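Working notes, structure below.
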Amino acid sequence: MADDGKVTWTGKVARQTTPAAIASAQGASLPDDLVCARFNGRLADLQEPLIGNGTLEWVFCDSPDGLEVIRHSLAHVLAQAVMGLWSQSQLALGPATEEGFYYDFDSPRTFQTADLERIERAMAEIIHEDLRIQREDWSLSDARACFTSPYKRELLDGLVPDADQGTVTVYRQGSFVDLCRGPHVSRTGRLRPCAFKLLSAAGAYWRGDENRPMLQRIYGAAFAAPEELDDFLARREEAIRRDHRRLGQELDLFSVRSEAPGFPFFHPKGMVLRQALERFWREEHLRRGYLEVQTPVLLREELWHTSGHMQYFQDNMYFSAVEGDRYALKPMNCPGGMVLFKRRLHSYRDLPLRLAELGLVHRHERSGTLHGLMRARCFTQDDAHIFMTPEQIQGEIEDVLELIDHVYSAVFGFSYHVELSTKPDKAMGEPDIWDMATEALAEAMRAKGMSYQIHEGEGAFYGPKIDFHLRDSLGRTWQCGTIQLDFLLPERFQLQYIGRDGQRHRPIMLHRVLFGSLERFLAILTEHFAGAFPTWMAPVQVMVIPVYTRSLDYAQQTVRFLNSRQIRAEADDRPQKMGYKIRDAQTQRIPYMLIVGDREEEQQTVSVRRRQEELGRRTKDEFAAMLTEEIEKRRRPETALAGLSETK
RNA sequence: GCUGGCGUGGCUCAGGGGUAGAGCAGUCGAUUCGUAAUCGACAGGCCGGGGGUUCGAAUCCCCCCGCCAGCUCCA
């Protein structure tokens with residue numbers, strides 16, 4: 001057997017032959033990193049009797065499948081450890097996850113952070129004992145008799161037992177027995193080279209249903225090697241350092257206060273970021289034939305009946321009553337766009353009509369879901385509603401796809417993937433309309449040669465959508481842009497245009513956002529750049545730092561010079577040493593520092609420091625020209641990791 | 001919303017029945033210094049809010065509010 005995982009074995013398998021036996025027959029002892037086997041495409045334990053002929057592949061711990069099995073086995077070790085410590089606990093479920101594993105318990109013990117360490121030690125002991133992990137086939141009735149936990153019972157009831165044998169698989173390690181599909185590593189000692197760490201304990205609903213009991217879930221991270229776990233933990237630490245709520249505080253960008261939970265306040269510096277983003281957004285849209293509009297935030301309730309929001313979105317809406325009239329705060333911009341389209345009769349010559357709006361929407365979000373700017377109760381959608389004829393659908397979708405690609409890839413340097421979200425359970429309109437709209441979106445993506453995944457049942461209530469998920473510098477993905485094709489709202493609002501034939505026709509509408517939410521996009525950028533924004537966005541682009549107090553006049557003169565060239569520059573006039581001010585500017589992620597002392601003043605130059613890098617002396621004109629170009633081209637830092645958060 | 005944890009000066013945190021502390025930031029003064037923290041003084045808090053227990057509560061108990069993690073939900 002080779003250790004590269006590619007070696008396969010093909011042949012007739014006698015009943016009761018196991019992968020382990022085959023490996024032994026090949027004359028090798030089982031290597032430590034062999035996790036399990038894949039027999040005819042299905043994962044199997046090393047000790048599992050194989051049935052029929054087929055191809056056997058070895059699965060090692062460095063493969064995705066191998067790692068998943070290891071994590072799953074660790075979940076069992078966790079369960080065994082918890083049962084050993086608190087035997088009154090009942091087991092629910094414990095699968096592998098993206099980075100590790102978890103197990104859900106119903107336990108009289110409320111797990112505390114301090115317990116995690118204790119559990120970890122118990123787990124290490126179980127691994128040290130090198131218990132055999134035994135797979136067993138049980139009859140359904142035996143299983144029912146053994147597993148008294150209501151959760152296991154429910155799982156048993158949901159299982160369709162093998163039609164002939166009526167058996168379920170059970171795994172045993174020492175005194176611990178768990179109902180499980182498997183596969184698992186053959187002995188707990190096989191987990192020894194792996195690295196794991198228990199991360200947290202928190203509540204989780206049984207089967208993810210908020211109407212069912214809440215269990216306690218213990219999360220762990222696990223990797224095949226200690227270095228990978230270290231990497232993972234380091235990435236987690238970095239994510240905490242970059243958290244936009246923390247940077248929002250440190251860089252004085254925004255805050256959410258208890259006076260308005262979920263409704264963010266933007267500070268002057270945060271406002272500069274917003275405006276930079278908005279200016280950029282307007283440029284891109286005006287260039288592409290969009291017209292900007294603004295629709296009211298508060299509209300009469302009647303309108304929301306027409307749009308279907310009262311029926312499908314009411315739980316997320318805020319209401320108000322004045323002079324006996326009932327109003328709703330808009331949770332979406334589309335109905336306002338509809339009203340605008342209807343303000344007069346349109347000709348086919350007006351189409352496509354692209355109405356763009358930076359619209360502030362309000363949605364009631366449950367308190368536990370709020371998360372800084374990422375999840376707020378009001379946010380600005382960078383919306384557009386494109387009204388068009390059927391023939392224009394394809395071209396319009398393609399144009400939006402291009403716009404989004406330009407902004408994500410070229411300007412911000414994000415990679416992204418695309419999903420097509422289809423009809424949800426709670427949806428308005430007929431299935432054939434949905435099919436038509438979904439197909440049109442798919443067709444546009446095919447025409448552009450884009451690959452996409454299907455996201456079943458995740459569409460909006462009025463139409464299917466294309467979702468854009470971008471990947472940030474820490475490898476996390478965020479849903480931002482969407483394109484939604486809507487045949488229903490134009491119908492409900494009875495939109496019309498006069499066609500070339502002189503007859504009235506119904507337009508079709510495209511909803512789309514690019515950033516999704518301006519606030520959330522800013523949060524993503526904050527974390528992606530670790531607060532070290534590209535110069536064109538930076539709240540303060542240049543900090544002029546006088547070396548001596550006597551240099552302050554020259555520093556202020558330099559600031560005025562830069563301000564007159566539309567550069568956001570400030571002078572640090574505090575009576576502090578230069579190093580102090582440099583450190584401060586660095587901490588504030590200001591992209592450029594200009595050091596000015598006697599030498600600079602004499603020659604009318606500035607000493608340029610770009611973040612940590614000294615660029616030497618330039619004339620003021622040279623520096624301004626260089627910066628203006630960088631700003632106008634909206635150049636971004638070499639890597640998003642530039643100017644990191646740590647203190648030297 | 002649910003489960004658990006947490007709320008002490010602008011920020012980060014110590015104190016856990018005897019009446020409030022540090023560092024940073026701020027103000028004032030001294031220091032004139034060349035690429036990541038100069039020194040000193042001063043000022044700043046009804047210890048999230050409301051009830052209760054107690055001679056006495058930041059500290060113990062109850063109820064609210066907010067924040068954090070996870071679940072559920074989502075741009």
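All values derive from a computational prediction rather than experimental measurement. Hydrogens, waters and symmetry mates play no part in the numbers below; they use all other heavy atoms, side chains included. To find a chain, count down the sequence lines: A is the first, B the second, and so on, and within it residues start at 1.
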Worksheet item: Looking at F313(A) versus W304(A), is the centre-to-centre ring distance below 6.0 Å?
Response: no
Output one line per pair: protein atom, nucleotide atom from nucleotides 73-75 of chain B, and distance, for all N/O pairs under 3.5 Å.
from: C73(B); atom 1: O2; to: R375(A); atom 2: NH1; distance (Å): 2.7
from: C73(B); atom 1: O2; to: R375(A); atom 2: NH2; distance (Å): 2.4
from: C73(B); atom 1: N3; to: R375(A); atom 2: NH1; distance (Å): 3.0
from: A75(B); atom 1: O3'; to: Q479(A); atom 2: O; distance (Å): 3.3
from: A75(B); atom 1: O3'; to: Q479(A); atom 2: NE2; distance (Å): 3.3
from: A75(B); atom 1: O3'; to: R520(A); atom 2: NH1; distance (Å): 3.4
from: A75(B); atom 1: O2'; to: R520(A); atom 2: NH1; distance (Å): 3.1
from: A75(B); atom 1: N6; to: E365(A); atom 2: OE2; distance (Å): 3.4
from: A75(B); atom 1: N6; to: A376(A); atom 2: N; distance (Å): 3.3
from: A75(B); atom 1: N6; to: A376(A); atom 2: O; distance (Å): 2.5
from: A75(B); atom 1: N1; to: A376(A); atom 2: N; distance (Å): 3.1
from: A75(B); atom 1: N1; to: A376(A); atom 2: O; distance (Å): 3.4

Discussion item. Pairing check on C60(B): which nucleotide meets the Watson-Crick or G-U wobble criteria with it, both distances under 3.5 Å?
Written reply: G52(B)
Worksheet item: Considering every strand shown, what is the Watson-Crick or G-U wobble mate of A22(B) when both distances are under 3.5 Å?
Response: U12(B)
Response to the item:
Within residues 260-271 of chain A, the residues having a heavy atom closer than 4.0 Å to RNA chain B are P261(A)
Worksheet item: If the P atom of C67(B) is compared with that of C60(B), how far apart are they to the nearest Å?
Response: 23 Å
Worksheet item: Quick one: does NZ or CZ of R520(A) land under 6.0 Å from the six-membered ring centre of F379(A), within 45 degrees of the ring axis?
Response: no
Worksheet entry | Distance between P atoms of C61(B) and U54(B) (Å, rounded) | 16 Å
Discussion item. Can a side-chain donor-acceptor contact be found between S255(A) and R257(A) if the only test is distance below 3.5 angstrom?
Written reply: yes
Worksheet item: Under 6.0 Å from the six-membered ring centre of Y102(A) and within 45° of its axis: does the NZ or CZ of R217(A) meet both?
Response: yes
Worksheet item: Whole-Å distance between C24(B) C1' and Q588(A) CD?
Response: 13 Å
Worksheet item: Could you state the CZ-C1' distance from R217(A) to U72(B), rounded to the nearest angstrom?
Response: 11 Å
Worksheet item: When all nucleic acid strands are considered with a 4.0 Å heavy-atom cut-off, which category describes G368(A): base, sugar-phosphate, or nothing?
Response: base
Worksheet item: Would you say a side-chain N or O of Y205(A) is under 4.0 Å from OP1 or OP2 of G70(B)?
Response: no
Practice prompt. May I ask you to say what H371(A) touches in the nucleic acid, namely base, sugar-phosphate or nothing, with a heavy-atom cut-off under 4.0 Å?
Written response: sugar-phosphate
Worksheet entry | R71(A) NZ/CZ over F223(A) ring centroid, <6.0 Å and within 45° of normal | yes
Worksheet item: With both distances under 3.5 angstrom, what nucleotide forms a Watson-Crick or G-U wobble pair with C28(B)?
Response: G40(B)
Worksheet item: Rounded to the nearest Å, what distance is computed from the CG atom of residue N211(A) to the C1' atom of nucleotide U3(B)?
Response: 15 Å
Fill in: Other residues, nucleotides, ligands: >12 heavy atoms within 6.0 Å of Q88(A) CD
no
Worksheet item: Considering only the C1' atoms, how many Å lie between G4(B) and A22(B), rounded to the nearest integer?
Response: 30 Å
Fill in: Interatomic distance where CD belongs to Q216(A) and P belongs to C71(B) [whole Å]
15 Å
Item to complete: Determine whether the aromatic ring centres of Y103(A) and F101(A) lie less than 6.0 Å apart.
Response: no
Worksheet, complete the sentence: All heavy atoms of M626(A) vs all of Y592(A), minimum pair found to be CE-CE2, 3.7 Å
Fill in: R354(A) and its side chain to side chain donor-acceptor pair (under 3.5 Å) partner, picked from H285(A), E396(A), E292(A)
E396(A)
Worksheet item: Which whole-number value in Å describes the distance from D104(A) CG to U72(B) C1'?
Response: 14 Å
Practice prompt. Please state the C1' separation for the pair C55(B) and U19(B) - nearest whole angstrom.
Written response: 13 Å
Worksheet entry | Distance between P atoms of G70(B) and G15(B) (Å, rounded) | 27 Å
Discussion item. Would you say the ring centers of F521(A) and F412(A) fall short of 6.0 Å from each other?
Written reply: yes
Worksheet item: How about Q484(A) and Y462(A): does a side-chain donor come under 3.5 Å of a side-chain acceptor?
Response: yes
Worksheet item: In whole Å, what separates the P atom of A41(B) from that of G51(B)?
Response: 41 Å
Discussion item. Within the 3.5 Å criterion, strictly below it, is a donor on D486(A) or H511(A) matched to an acceptor on the partner's side chain?
Written reply: yes
Worksheet item: Is it true that the side chains of W478(A) and D472(A) contain a donor and an acceptor less than 3.5 Å apart?
Response: yes
Discussion item. Under a 3.5 Å cut-off for both contacts, is G70(B) paired Watson-Crick or G-U wobble with anything, and if yes, with which nucleotide?
Written reply: C2(B)
Item to complete: Look at the side-chain N and O atoms of S200(A) and state whether any lies under 4.0 Å from the OP1 or OP2 oxygen of G70(B).
Response: no
Discussion item. If the cut-off is 4.0 Å, is Y580(A) near the phosphate of C39(B), judged by side-chain N/O to OP1 or OP2?
Written reply: no
Discussion item. Tell me whether the side-chain N or O atoms of Q249(A) pair up with the base of G10(B) as donor and acceptor below 3.5 Å, since no angle test is needed here.
Written reply: no
Fill in: Base partner of G34(B), which must satisfy Watson-Crick or wobble distances under 3.5 Å
none
Fill in: Between P of U12(B) and CD1 of I240(A), the distance in whole Å
15 Å
Can you check nucleotides 30-32 of chain B for protein contacts, nitrogen or oxygen pairs under 3.5 Å, and list what you find?
from: U32(B); atom 1: O2; to: T549(A); atom 2: N; distance (Å): 3.1
from: U32(B); atom 1: N3; to: T549(A); atom 2: OG1; distance (Å): 2.2
from: U32(B); atom 1: O4; to: T549(A); atom 2: OG1; distance (Å): 2.4

Practice prompt. Using a cut-off of strictly less than 4.0 Å, decide whether R245(A) has a side-chain nitrogen or oxygen near OP1 or OP2 of A69(B).
Written response: yes
